[in-house]
Amino acid sequence: MKDWQYLIKISNGKEMAVERVRIKDDDIAIEGEFELPPLARLSAEDQVFVAAFIQYHGSIKQMEKVFGVSYPTIKNRLNRITAKLDLVQVDISSPASDVLEQLDKGEMSVEDALKVLKERKR
């Protein structure tokens, strides 16, 4: 069992906080309270599901075969995982390319870009 799998198992689904981060190559450690990224907060089973979904390029038909379940079961699980992730919704009628361009040029922080994209979803 990998370290992250062990951590997820012993947390029993409870929220975790990382309090120390160390950059191995530079031997630098930073202490504080850091929130885990959304994907890391998913259960091990959901992480496996997401990894498989990515591996099969989002093919629900392939996911049905791999997991031996029906289309509605795959869709329900995707909906449940999506709700946990609090993803940014982007309206395709108003492209986010301007935000991405500003982000790329360093004219906007990641936090500001997310705020703009979340505002556009409303």
Side-chain angles (χ1 to χ4, degrees):
M1 183 178 294
K2 296 184 180 192
D3 291 344
W4 63 269
Q5 290 170 319
Y6 180 73
L7 286 173
I8 290 170
K9 187 173 183 169
I10 64 171
S11 73
N12 199 26
K14 295 178 186 164
E15 190 173 334
M16 290 187 288
V18 175
E19 293 185 345
R20 186 168 193 268
V21 176
R22 185 169 63 89
I23 303 168
K24 291 180 179 182
D25 292 343
D26 297 328
D27 199 28
I28 295 172
I30 304 167
E31 294 193 20
E33 188 169 316
F34 307 98
E35 187 175 298
L36 291 171
L39 287 173
R41 291 191 300 257
L42 293 176
S43 69
E45 294 81 17
D46 284 347
Q47 288 182 24
V48 167
F49 187 86
V50 169
F53 191 71
I54 292 167
Q55 180 181 359
Y56 296 113
H57 306 282
S59 169
I60 293 178
K61 287 186 185 263
Q62 196 65 32
M63 294 293 285
E64 288 176 282
K65 291 177 187 173
V66 169
F67 289 95
V69 295
S70 67
Y71 178 91
T73 302
I74 298 294
K75 289 292 286 182
N76 287 337
R77 183 131 188 217
L78 286 170
N79 289 335
R80 186 176 53 78
I81 291 170
T82 300
K84 289 180 182 180
L85 292 177
D86 188 32
L87 299 172
V88 173
Q89 300 293 322
V90 178
D91 180 3
I92 59 172
S93 64
S94 61
S97 61
D98 60 326
V99 174
L100 295 176
E101 188 175 319
Q102 287 181 305
L103 190 60
D104 188 46
K105 290 179 180 177
E107 298 171 353
M108 181 182 287
S109 70
V110 172
E111 292 80 13
D112 289 340
L114 288 172
K115 285 178 189 173
V116 168
L117 293 173
K118 283 183 180 183
E119 282 298 316
R120 286 186 182 177
K121 108 176 169 180
R122 294 180 185 165

J.: I need the Lys61 NZ to Ile74 CD1 distance, nearest 0.5 Å.
T.: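 Here the rounded value is 12.5 Å.
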J.: If every non-hydrogen atom of Val99 is compared with every non-hydrogen atom of Ala113, which pair is closest and at what distance?
T.: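 In terms of heavy atoms, the two residues are closest at CG1-CB, 3.6 Å.
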J.: Which atom names give the shortest non-hydrogen contact between Gln47 and Leu39, and what distance separates them?
T.: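 Gln47 and Leu39 have their closest heavy atoms at NE2-O, 3.1 Å.
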J.: Find the distance between CZ (Arg22) and CD1 (Ile28) and round it off to the nearest 0.5 Å.
T.: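 Between atom CZ of Arg22 and atom CD1 of Ile28 there are 11.0 Å.
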J.: Less than 4.0 Å between a side-chain N and a carboxylate O, is that true for Lys115 and Glu111?
T.: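 Salt bridge flag = no for Lys115 with Glu111.
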J.: Sub-3.5 Å donor-acceptor pair from the side chain of Glu64 to the main-chain atoms of Tyr71, do we have one?
T.: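 Checking the backbone N and O of Tyr71 against the side chain of Glu64, a donor-acceptor pair under 3.5 Å is found.
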J.: Is any side-chain heavy atom of Leu42 less than 4.5 Å from a side-chain heavy atom of Leu85?
T.: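 A side-chain contact exists here, since the closest heavy-atom pair is under 4.5 Å.
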J.: Only one of Glu101, Gln102, Glu107 clears side chain to side chain donor-acceptor pair (under 3.5 Å) with Lys105; which?
T.: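 Passing option: Glu101.
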J.: Residues two or more places apart in sequence or in another chain: which of them pass ring pair (Phe, Tyr, Trp, His ring centres under 6.0 Å) with Phe34?
T.: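 In terms of ring pair (Phe, Tyr, Trp, His ring centres under 6.0 Å), with neighbours along the sequence ignored, Phe34 is linked to no residue.
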J.: Can you run down the salt bridge (charged side-chain N to carboxylate O under 4.0 Å, His left out) pairs that involve residues 39-59, sequence neighbours left out, and say none if there aren't any?
T.: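 For residues 39-59: Glu35-Arg41, Asp46-Arg77, Asp46-Arg80, Asp46-Lys84.
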J.: Quick one: pull up CG in Leu100 and CG in Leu117 and give me the separation to the nearest 0.5 Å.
T.: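 The CG atom of Leu100 sits 7.0 Å away from the CG atom of Leu117.
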J.: To the nearest 0.5 Å, tell me how far Thr73 OG1 sits from Phe67 CZ.
T.: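 With rounding to 0.5 Å, OG1 (Thr73) is 12.0 Å from CZ (Phe67).
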J.: Check whether any side-chain heavy atom of Gln55 sits under 4.5 Å from a side-chain heavy atom of Val66, and report yes or no.
T.: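 No, their side chains stay 4.5 Å or more apart.
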J.: Kindly indicate whether the side chain of Phe49, heavy atoms from C-beta on, has any atom under 4.5 Å from the side chain of Met63.
T.: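 Yes - at least one pair of side-chain heavy atoms lies under 4.5 Å apart.
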